[in-house]
> 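Sharing a structure, written as structure tokens. Questions coming.
What you see below is based on every heavy atom in this structure, not just the backbone, and it leaves out hydrogens, waters and symmetry mates. In each ligand, atom 1 is the first atom listed, and ligand 1 is the first ligand listed.
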Amino acid sequence: MADLVRARFKGPIIQRRNQIDDSTTDQRLLDSRGPSDWVHTDPWRVLRMQAELVEGFGALAELGPAISVFGSARLGPEHPSYAVAETLGRRLVEEGFAVITGGGPGAMEAANKGASEAGGVSVGLGIELPWESGLNDWVDVGVHFRYFFARKTMFVKYSQGFAVLPGGLGTLDEMFEAATLAQTGKITSFPIVLIGTSYWQGLVDWMRDTQLAEGTIRQDDIDRLVLTDDVEEAVALMVRSREDESS
Ligand SMILES: C/C(=C\CNc1ncnc2c1ncn2[C@@H]1O[C@H](COP(=O)(O)O)[C@@H](O)[C@H]1O)CO
């Protein structure tokens with residue numbers, strides 16, 4: 001009878017005789033720590049970014065029709081736009097939409113509150129910030145992001161329109177990202193409704209008087225932004241767009 005040959009599997013690979021490693025893969029994984037500076041390098045960050053996209057897509061893939069609601073993190077319940085955001089969240093749910101926000105305070109909290117109290121799907125996509133206190137209490141499905149760009153992808157990919165309440169730089173960033181994606185044909189049939197004419201009219205006037213006049217944008221780019229004070233008009237626009245898409 002032939003001598004028994006020493007052999008070991010390394011995953012799907014068989015090693016025999018003097019080709020056998022000194023340790024197993026699990027030993028190398030678990031038995032020692034090794035250096036850790038790689039954790040602060042870009043290749044590892046790329047994997048974390050990938051993980052955020054995987055988690056975000058996994059959490060939202062089956063969401064159904066949704067509208068993203070943006071607005072100031074700083075305007076609380078004492079400000080009139082809080083009540084508008086709350087009504088908007090509720091009305092969107094009553095029309096069969098899930099509501100997605102940035103998961104923070106102010107207008108985001110109000111829209112989540114309206115959506116959650118109406119029994120709908122209230123989503124918050126939080127972002128790691130130096131002063132961040134977490135997701136507001138009215139978020140029923142929350143995903144927390146390290147990277148802004150991964151989070152912004154989710155707003156656009158998983159909603160069929162943007163409703164924009166008065167807000168600051170973050171709100172402008174979100175609104176103009178959608179406007180740019182629409183201008184460049186990356187998204188189609190994507191209503192962008194600015195709620196609060198006294199707040200937004202000056203911006204749109206400036207776009208017409210300066211940007212359009214200087215030729216840096218076209219009339220289409222302005223026409224894509226719908227201004228209203230009427231939550232019902234905003235909701236009706238979202239409903240119409242959904243119907244147009246499904247017909
Ligand atoms: C400023 C304060 C808290 C910030 N917390 C936020 N949490 C989640 N999302 C946020 C936060 N701040 C900004 N955003 C995003 O930008 C938009 C609002 O920004 P704005 O500059 O206030 O307009 C909003 O739609 C979020 O997506 C202190 O309480």
Side-chain angles (χ1 to χ4, degrees), residues 52-53 55-56 59-60 63 66-90 92 97-116 121-182 187 190-204 206-207 225-228 231 234 238:
E52 291 213 330
L53 293 170
E55 289 300 328
L60 302 175
L63 188 60
I67 300 299
S68 289
V69 178
F70 300 110
S72 174
R74 296 160 199 265
L75 302 180
E78 67 293 343
H79 192 275
S81 70
Y82 191 97
V84 176
E86 194 176 332
T87 305
L88 177 65
R90 175 174 55 78
L92 287 168
F97 290 106
V99 171
I100 306 177
T101 78
M108 296 170 268
E109 174 188 294
N112 285 131
K113 181 170 188 282
S116 179
V121 186
S122 172
V123 181
L125 306 181
I127 182 73
E128 179 185 304
L129 296 172
W131 56 87
E132 183 54 50
S133 59
L135 296 165
N136 74 64
D137 289 345
W138 296 101
V139 168
D140 297 326
V141 178
V143 187
H144 212 257
F145 290 83
R146 280 181 159 109
Y147 299 105
F148 250 125
F149 80 91
R151 172 177 178 263
K152 285 167 73 175
T153 301
M154 304 298 150
F155 287 126
V156 178
K157 182 167 174 62
Y158 291 108
S159 65
Q160 282 70 53
F162 281 7
V164 189
L165 291 145
L169 298 182
T171 303
L172 286 181
D173 176 44
E174 287 150 349
M175 189 267 281
F176 277 117
E177 181 182 25
T180 306
L181 291 172
I187 51 176
F190 198 95
I192 304 168
V193 185
L194 308 187
I195 301 174
T197 52
S198 66
Y199 192 84
W200 293 115
Q201 190 64 58
L203 176 70
V204 175
W206 175 80
M207 290 172 71
L225 307 177
V226 176
L227 260 71
T228 185
V231 167
M238 301 302 181

> Could you establish whether Gly126 and ligand 1 come within less than 4.0 Å of each other, counting only heavy atoms on the residue side?
no
> What heavy-atom pair brings Trp138 and Ser116 nearest, and what distance separates the two atoms?
O-CB, 3.7 Å
> Give the single entry among Gly76, Gly168, Pro166 that approaches atom 20 (P) of ligand 1 most closely by any heavy atom.
Gly168
> Going by distance only, is there an N or O of Val69 that falls short of 3.5 Å from an N or O of ligand 1?
no
> Taking non-hydrogen atoms only, is Arg151 closer than 4.0 angstrom to ligand 1 via side chain, backbone, both or neither?
side chain
> I would like to know whether Asn112 and Ser122 meet side-chain hydrogen bond (donor to acceptor under 3.5 Å, both in side chains); could you show each step before the answer?
CA-CA 5 Å; Asn112 285 131; Ser122 172; 2.9 Å; yes
> Side chain or backbone of Pro105 under 4.0 Å from ligand 1, or both, or neither, by non-hydrogen atoms?
side chain
> For Asp137, does the CG atom sit with more than 12 other heavy atoms under 6.0 Å from it, leaving out its own atoms?
no
> Show which atoms of ligand 1 fall inside a sub-4.0 Å distance from at least one heavy-atom site of Phe70.
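Atoms satisfying the 4.0 Å criterion: 25 (O).
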> Could you check whether any side-chain heavy atom of Leu125 comes within less than 4.5 Å of a side-chain heavy atom of Leu60, counting everything from C-beta outward?
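Counting from C-beta outward, Leu125 and Leu60 do come under 4.5 Å.
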> Closest heavy-atom contact between Phe97 and Met238?
CZ-O, 3.6 Å
> Would you mind running through ligand 1 and noting each atom that sits below 4.0 Å from a heavy atom of Leu129?
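What qualifies from ligand 1 is 4 (C), 5 (N), 6 (C), 11 (C).
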> For ligand 1, which atoms sit closer than 4.0 Å to a heavy atom of Met108?
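This gives 8 (C), 9 (N), 10 (C), 11 (C), 24 (C), 26 (C) as the contact atoms.
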> What about Glu174: any of its N or O atoms under 3.5 Å from an N or O on ligand 1?
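It does: an N or O of Glu174 is found under 3.5 Å from an N or O of ligand 1.
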> Could you tell me, atom by atom, which parts of ligand 1 come under 4.0 Å of a heavy atom of Gly167?
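Atoms satisfying the 4.0 Å criterion: 23 (O).
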> For Glu55, enumerate each residue passing the side chain to side chain donor-acceptor pair (under 3.5 Å) test, keeping only those at least two apart in sequence or located in another chain.
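Per chain and number, Glu55 pairs via side chain to side chain donor-acceptor pair (under 3.5 Å) with no residue.
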> Between the main-chain N or O of Gly104 and the side-chain N or O of Glu109, is there a donor-acceptor pair closer than 3.5 Å?
no
